[in-house]
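This report concerns only the one structure given below.
Hydrogens, waters and symmetry mates are skipped; everything else that's a heavy atom, side chains included, is used.
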Amino acid sequence: MQAPRSTIKKNKDVRLVGLEFENQLVYSKSGFPIKRKDTKALWEKLVGRKWTPVYDKYTSALVGVNKKTNQGEIVVNTDTGVCNLEVAFPPKKNLIEAQKEHKKKFSEIISVAKKLGFTAISLGVTPRKINGDPYNLKTEKGLYLIINDWLIRHNVQIPISSHQVCIDVKIEDMTKSINCLSKLSGLIIALTANSVIENEKIQNWKEIRTLHWKVPISNEIKNIDNIFGGIPSKSFKNLSDYFKFIWNGTPLIIIKNGEWIRLKDWRITTWQYLTSGKEFDAITADKKTIKVKADESDLNLMMMLAWNDVKVHIIVDSKKIKLDDFINAIRKNLLEKYLKNKISTSYLEIRMCPVSPKGEEMTTPAFLLGLVNNLKELENFCKKFSWEEGREMKNILSIKGMDCMLKNKSVSFYLEQLLKISEIGLKKRKFGEEKFLNALYVRLKEEKNPADKTIEIFKKEGVSGVLKVNMY
């Protein structure tokens with residue numbers, strides 16, 4: 001859950017794109033996930049190379065490093081588990097620049113890791129079994145001291161990774177983009193699936209991350225599916241409709257004066273917290289009980305507290321916003337109008353895709369960027385499927401990939417159309433980014449996604465062969 005800032009001066013005609021890439025870290029010789037001491041050693045070595053250390057306020061643990069660049073800050077840490085490297089890059093004007101920075105900085109990180117005896121892999125799930133209790137691999141962060149009060153399935157999140165793409169979207173195009181990309185999540189996964197070998201076995205899902213996100217992770221949170229549902233149970237008429245939906249669940253995290261806290265009563269929804277005007281009992285990460293009351297400073301965090309396939313990030317200028325006015329705009333379904341000239345950033349974090357194969361890291365960002373940049377044609381394409389069909393497709397295509405039919409047509413039939421829409425969108429940008437789609441056209445021609453190729457390797461060479469091909 002990164003939000004790296006960019007120093008690039010915003011231009012209404014330039015759609016910035018940011019990369020938030022996760023990769024599993026494994027021992028180079030055995031392929032098993034690394035342990036806490038290894039991650040700590042990585043951070044210490046990077047600090048020695050003039051990266052800035054990041055210590056957690058509550059655990060005092062060294063949990064990552066940052067690097068300032070002339071266009072923003074690169075944020076490096078581990079997500080749910082110490083074996084899941086996450087590198088968030090500041091947004092760039094195009095994927096040519098993004099690729100250059102990723103290659104340089106990621107290569108530096110991995111070169112240090114290799115000297116320590118481990119490396120990253122280009123798979124969406126670690127193929128080896130986790131030795132011992134997976135909870136021993138939990139990241140030492142105040143965030144998890146808070147959410148572990150309700151997160152009963154933290155272990156299923158530890159061995160999985162994704163390549164998330166952050167794309168600038170104007171406020172007026174937000175809900176159109178959310179609806180389209182969410183509905184087409186299954187088709188996007190059919191082309192990018194890369195999470196099929198887990199616990200040293202071929203799984204029944206070519207993208208098993210989809211299954212892991214479907215498993216209930218809490219018995220406490222109210223309306224958990226509204227914020228962890230993958231594809232939401234409904235489409236959205238406008239941004240007001242979207243926030244009414246996700247805020248009908250529990251606010252998982254609140255930050256007040258730099259403190260990570262949660263409400264004591266899980267039955268209280270985010271909407272109730274923001275609209276009641278009351279003080280609530282809350283618990284800090286170090287288990288202190290305090291009183292909290294909603295104000296304008298809560299909005300930026302609350303707007304991003306959802307982990308669906310397409311996640312909204314809107315950063316408002318708190319000096320221009322009044323909480324009551326914001327809430328009234330939602331009640332009247334006029335949030336887009338109210339937010340005009342009151343925001344500094346609006347983008348979508350697109351989360352359904354796994355890690356890309358080595359050498360193809362820019363394929364998924366290019367595919368998604370082109371779709372968003374050709375929204376009118378994408379909307380027309382989306383009319384082929386109802387919302388419920390889109391939700392069903394995600395499960396079916398996460399299991400079968402391209403090897404099935406939809407409405408008496410091959411999956412490839414639809415993917416070819418989507419690739420053309422994306423290619424047109426990229427060509428409109430005039431940066432030459434459409435070259436990154438070449439590998440996707442090869443997958444389409446062969447009717448094989450990365451998971452299919454991984455299965456072929458596994459059948460011939462076993463898990464060792466899969467690791468050999470996918471180790472950096």
Side-chain angles (χ1 to χ4, degrees), residues 1-8 10 14-25 46 51 64-79 84-110 120-124 160-169 177 181 188 191-192 194 209 304 307 309-313 315 345-373 422 425-426 429 431-437 439-440 450 472:
M1 190 176 72
Q2 308 295 335
R5 297 290 184 266
S6 173
T7 57
I8 297 175
K10 293 283 283 185
V14 175
R15 190 189 299 278
L16 301 184
V17 56
L19 308 178
E20 188 175 324
F21 281 4
E22 299 170 346
N23 290 83
Q24 290 289 311
L25 294 173
L46 288 171
W51 289 70
V65 294
N66 295 344
K67 170 80 80 171
K68 288 186 178 179
T69 73
N70 59 4
Q71 293 187 338
E73 190 172 49
I74 301 171
V75 180
V76 184
N77 56 34
T78 55
D79 199 355
N84 188 21
L85 177 72
E86 182 174 58
V87 186
F89 296 89
K92 299 292 185 182
K93 292 180 181 178
N94 59 68
L95 288 173
I96 310 298
E97 293 180 8
Q99 182 191 44
K100 183 178 180 181
E101 183 166 72
H102 171 266
K103 186 174 182 179
K104 181 179 180 181
K105 297 303 180 185
F106 187 72
S107 295
E108 179 184 358
I109 295 166
I110 298 307
I121 55 173
S122 57
L123 296 165
I160 62 175
S161 300
S162 67
H163 278 185
Q164 297 150 16
V165 187
C166 300
I167 300 173
D168 273 0
V169 176
S177 300
L181 293 168
I188 293 167
L191 192 59
T192 61
N194 194 22
R209 290 174 50 259
M304 66 179 284
W307 286 266
D309 287 350
V310 185
K311 177 178 178 179
V312 170
H313 288 256
I315 309 299
T345 301
S346 62
Y347 64 93
L348 292 178
E349 177 188 328
I350 307 169
R351 304 170 42 81
M352 77 286 286
C353 296
V355 175
S356 294
K358 282 192 305 180
E360 297 180 11
E361 292 87 354
M362 295 303 126
T363 55
T364 294
F367 185 35
L368 298 172
L369 178 60
L371 294 178
V372 172
N373 207 52
S422 177
L426 292 173
R429 288 169 51 81
F431 290 117
E433 297 158 309
E434 59 274 12
K435 71 179 182 179
F436 296 121
L437 298 180
L440 300 183
Y472 280 92

> How would you list, by chain and number, every residue that makes a side chain to side chain contact (heavy atoms under 4.5 Å, CB included) with N94, sequence neighbours excluded?
Replying inline: I96, E97, R429, F431, E433

>> Can you tell me how far apart OG1 (T363) and CG (L368) are? Round to the nearest 0.5 Å.
In response: 9.5 Å

> When rounded to the nearest 0.5 angstrom, what distance separates CE in M352 from NE2 in H163?
Replying inline: 15.0 Å

>> Suppose we screen for side-chain hydrogen bond (donor to acceptor under 3.5 Å, both in side chains). Which residues come up paired with T364, at least two apart in sequence or across chains?
In response: S356

> Looking at CG of N84 and CG of D79, how far apart are the two atoms once the value is rounded to the nearest 0.5 Å?
Replying inline: 5.5 Å

> Do I350 and D309 have side chains that get closer than 4.5 Å, going by heavy atoms?
Replying inline: no

> Just how far is it from atom CG of L437 to atom CG of L191, taken to the nearest 0.5 Å?
Replying inline: 9.5 Å

>> I need the L16 CG to C166 SG distance, nearest 0.5 Å.
In response: 11.0 Å

>> Run the side-chain hydrogen bond (donor to acceptor under 3.5 Å, both in side chains) test on S161 and N23 for me, step by step, so that the C-alpha distance in whole Å, both residues' side-chain angles and the decisive distance to 0.1 Å come before the verdict.
In response: CA-CA 6 Å; S161 300; N23 290 83; over 6 Å; no

> So, N373 side chain and G425 main chain: donor-acceptor pair closer than 3.5 Å or not?
Replying inline: yes

> Residues in side-chain hydrogen bond (donor to acceptor under 3.5 Å, both in side chains) with S122, at least two apart?
Replying inline: N470

> If every non-hydrogen atom of F436 is compared with every non-hydrogen atom of A366, which pair is closest and at what distance?
Replying inline: CB-CB, 3.6 Å

> What pairs with E101 under salt bridge (charged side-chain N to carboxylate O under 4.0 Å, His left out), at least two apart in sequence or on another chain?
Replying inline: K92

> Can you list every pair that meets salt bridge (charged side-chain N to carboxylate O under 4.0 Å, His left out) and has a residue in residues 351-371, with sequence neighbours left out?
Replying inline: E349-R351, E360-R443

> With sequence neighbours left out, what residues match P365 under side chain to side chain contact (heavy atoms under 4.5 Å, CB included)?
Replying inline: L19, F21, L95, V165

>> If I compare all heavy atoms of I188 with all of C353, which pair ends up nearest, and what's the gap?
In response: CG2-SG, 3.4 Å

>> Would you say that L348 contacts V372 through its side chain, given a criterion of any heavy-atom pair below 4.5 Å between the two side chains?
In response: no

>> Contact between P357 and N194 at the side-chain level, heavy atoms closer than 4.5 Å - yes or no?
In response: yes

>> On a heavy-atom basis, which atom in G124 and which in P354 lie closest, and how many Å separate them?
In response: CA-CB, 4.2 Å

> Once you round to the nearest 0.5 Å, how far does CG of D168 lie from CG of L369?
Replying inline: 9.5 Å

> Does T192 have any side-chain hydrogen bond (donor to acceptor under 3.5 Å, both in side chains) partners at least two apart in sequence or in another chain, and if so, which?
Replying inline: none

> Can you tell me if E22 uses its side chain to pair, donor with acceptor, with the backbone of S162 under 3.5 Å?
Replying inline: yes

> In chain order, what residues pass the salt bridge (charged side-chain N to carboxylate O under 4.0 Å, His left out) check against E434, with sequence neighbours excluded?
Replying inline: none

>> Working note: I167 + Y347, criterion side chain to side chain contact (heavy atoms under 4.5 Å, CB included); need CA distance, chi angles, decisive distance, verdict.
In response: CA-CA 5 Å; I167 300 173; Y347 64 93; 5.8 Å; no

> Which one of V17, I74, T69 satisfies the side-chain contact (heavy atoms from CB on, under 4.5 Å) criterion with F89?
Replying inline: I74

>> Can you give me the closest heavy-atom contact between N66 and V76, atom names plus distance?
In response: OD1-N, 3.9 Å

> Under the ring pair (Phe, Tyr, Trp, His ring centres under 6.0 Å) test, which residues partner F106, sequence neighbours left out?
Replying inline: H102, Y472

